[in-house]
Asker: 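Quick one: the structure is below, and I'll ask about it shortly.
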Amino acid sequence: MDHPLIDLINARIRKAEEEGAFDNLPGAGKPLPPCDDPENAVFNRILRDNGAVPEFVSLSRELAKLRETLLESADRSERRRIMQEVSLLEARIEIARKAR
């Protein structure tokens, strides 16, 4: 089944072509870059362009911040709490890496 707006979309594309909107684009005439996963290429590009990262990367960033906080803290009970969080994050990172 066609998209309900297919005629409008095609008309806009034709108009843009006639006006030269697609002339002299960067990379014109060059081959497309190699793609490891062509079925998910668009999905992966959307994720990458919006800053999505694997779980273990975001957890690693959080771990680095916690370690900085630990270095700055002088309170023993606060340091103990932070060290527990660090330990839990390290375990979560290992699990996330293995799941990948």
Asker: Hydrophobic cluster membership, with links at side-chain heavy-atom distances under 4.5 Å among I/L/V/M/F/W/Y: are Leu89 and Val57 in one?
Answerer: yes
Asker: Please answer: with hydrophobic residues joined when any side-chain heavy atoms are less than 4.5 Å apart, are Phe56 and Val53 in the same cluster?
Answerer: yes
Asker: Keeping to residues at least two apart or across chains, list the side chain to side chain donor-acceptor pair (under 3.5 Å) pairs with something in residues 19-30.
Answerer: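 Passing the test, one end in residues 19-30: no pairs.
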Asker: Judged by atom type as modelled, is there a donor-acceptor pair below 3.5 Å linking the side chain of Arg79 to the main-chain atoms of Leu70?
Answerer: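 Indeed, once roles are kept as given, a pair shorter than 3.5 Å links the two residues.
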Asker: Applying the 4.5 Å side-chain criterion to the ILVMFWY set and letting contacts propagate, would Met83 and Leu63 be lumped into a single cluster?
Answerer: yes
Asker: Out of curiosity, Arg92 CZ to Ser58 OG, how far, rounded to the nearest 0.5 Å?
Answerer: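 Those atoms lie 8.0 Å apart.
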Asker: Could you work out, with side chain to side chain contact (heavy atoms under 4.5 Å, CB included) as the rule, every residue matching Leu8, not counting sequence neighbours?
Answerer: Arg12
Asker: Can you give me the closest heavy-atom contact between Glu55 and Ala96, atom names plus distance?
Answerer: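 Closest pair (atom of Glu55, atom of Ala96, distance): OE1-CB, 3.8 Å.
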Asker: Take Arg97 and Glu94 through the test salt bridge (charged side-chain N to carboxylate O under 4.0 Å, His left out) and record every step on the way to the result.
Answerer: CA-CA 5 Å; Arg97 281 189 177 149; Glu94 283 306 307; 3.7 Å; yes
Asker: Would you mind listing every salt bridge (Lys or Arg N to Asp or Glu O under 4.0 Å) that reaches into residues 58-76, with sequence neighbours excluded?
Answerer: Arg67-Glu90
Asker: Remaining members of Leu25's ILVMFWY cluster at a side-chain heavy-atom cut-off under 4.5 Å?
Answerer: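 Result for Leu25 is Leu5, Ile9, Ile13, Phe22.
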Asker: Which distance, rounded to the nearest 0.5 Å, do you find between the CD of Gln84 and the CG of Leu66?
Answerer: 12.0 Å
Asker: Could you list the residues that satisfy side-chain hydrogen bond (donor to acceptor under 3.5 Å, both in side chains) with Glu78, not counting sequence neighbours?
Answerer: Arg81
Asker: Out of curiosity, Ser87 OG to Ile82 CD1, how far, rounded to the nearest 0.5 Å?
Answerer: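 Nearest 0.5 Å value for the OG-CD1 distance: 13.5 Å.
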Asker: Less than 3.5 Å apart, which donor and acceptor atoms pair up between the side chains of residues 38-46 and the rest of the protein, not counting sequence neighbours?
Answerer:
from	atom 1	to	atom 2	distance (Å)
Asn40	ND2	Asp37	OD2	3.0
Asn44	ND2	Asn40	O	3.2

